[in-house]
Amino acid sequence: MSHLEIGQSIMTIFELVEFETNRQMTIRNKKKAGGSKIFGDVWVSYLIREQATSMCRLLAKVIVRYPAGPIGWMGRTLLPWGDLIMMRRQLLNFKILAECTTTGV
């Protein structure tokens with residue numbers, strides 16, 4: 001995705017709320033998507049930190065405000081495990097894409 005705009009749809013259920021080109025982006029689950037009733041209010045930020053001339057570190061931060069009641073309890077119990085699996089896959093995909101861009105593949 002080469003052109004970002006606030007409000008742009010990301011990964012179907014998220015929208016872009018803030019970004020700084022080649023530095024950071026923050027997404028939030030869409031309020032009208034059904035997932036917000038189950039998962040609550042979910043914010044995810046990605047930040048690129050330069051480590052050396054040809055290296056960087058990608059940091060991800062997830063903040064969740066779970067809904068009240070039994071649904072919130074289930075979310076607090078299950079969502080972190082699902083997020084661990086999905087976030088790992090997503091970071092590996094970012095790694096592959098970054099390496100392809102760097103090597104020109």
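Here the side chains of Leu58 and Lys95 are not in contact, with every heavy-atom distance at 4.5 Å or above. Trp43 is not listed as a side-chain neighbour of Val62, based on a closest heavy-atom distance of 4.5 Å or more.
No more than 12 heavy atoms of other residues, nucleotides or ligands lie within 6.0 Å of CG in Asn22, so this atom counts as exposed by the packing criterion.
Side-chain N or O atoms of Asn29 include none that pairs as donor or acceptor with a backbone N or O of Asp41 at under 3.5 Å. Proximity of a side-chain donor or acceptor of Glu99 to a complementary backbone N or O of Ile96 within less than 3.5 Å is not detected.
A salt bridge (charged side-chain N to carboxylate O under 4.0 Å, His left out) check over residues 9-25, counting only residues at least two apart or in different chains, returns nothing.
Of the N and O atoms on the side chains of Lys30 and Thr12, not one donor lies less than 3.5 Å from an acceptor on the other residue.
Note on Ile13 and Val42: same hydrophobic cluster, where clusters join Ile, Leu, Val, Met, Phe, Trp and Tyr whose side-chain heavy atoms are under 4.5 Å apart, directly or indirectly. Using a 4.5 Å cut-off between side-chain heavy atoms of Ile, Leu, Val, Met, Phe, Trp and Tyr, with links allowed through other members, Leu4 and Phe94 fall into the same hydrophobic cluster.
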Could you walk me through whether Gln90 and Tyr46 pass side-chain contact (heavy atoms from CB on, under 4.5 Å), step by step?
-> CA-CA 11 Å; Gln90 188 175 52; Tyr46 300 96; 2.4 Å; yes

Working for side-chain contact (heavy atoms from CB on, under 4.5 Å), residues Met86 and Arg89 = CA-CA 5 Å; Met86 290 189 304; Arg89 180 72 249 165; 5.7 Å; no

Given Ile10 and Met25, is the side-chain contact (heavy atoms from CB on, under 4.5 Å) satisfied, shown in steps?
-> CA-CA 11 Å; Ile10 308 276; Met25 70 185 288; 4.1 Å; yes

Would you sort out whether Val64 and Leu79 count as a side-chain contact (heavy atoms from CB on, under 4.5 Å), showing the intermediate values?
-> CA-CA 10 Å; Val64 180; Leu79 186 61; 4.1 Å; yes

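Atom CD1 in Ile6 sits 4.5 Å away from atom CG in Leu16 (nearest 0.5 Å). Between Gln8 atom CD and Ile27 atom CD1 the span is 11.0 Å, to the nearest 0.5 Å. Considering CZ of Phe14 and CZ of Arg28, their distance stands at 11.0 Å, rounded to 0.5 Å. Atom CD of Gln51 and atom CZ of Arg57 lie 5.0 Å apart (nearest 0.5 Å).
Contact detail for Pro80 and Gly75: the closest heavy-atom pair is CD-O, 3.5 Å.
Listed by chain and number, the hydrophobic cluster partners of Leu84 are Trp81, where partners are ILVMFWY side chains within reach of under 4.5 Å, directly or through others. Through direct or indirect side-chain contacts shorter than 4.5 Å among Ile, Leu, Val, Met, Phe, Trp and Tyr, Met55 is connected to no other residue. In the hydrophobic clustering, where aliphatic and aromatic side chains (Ile, Leu, Val, Met, Phe, Trp, Tyr) are joined below 4.5 Å either directly or transitively, Leu59 groups with Leu47. Chaining together hydrophobic side chains whose heavy atoms lie under 4.5 Å apart leaves Ile71 on its own.
With sequence neighbours left out, the salt bridge (charged side-chain N to carboxylate O under 4.0 Å, His left out) criterion links Arg76 to no other residue.
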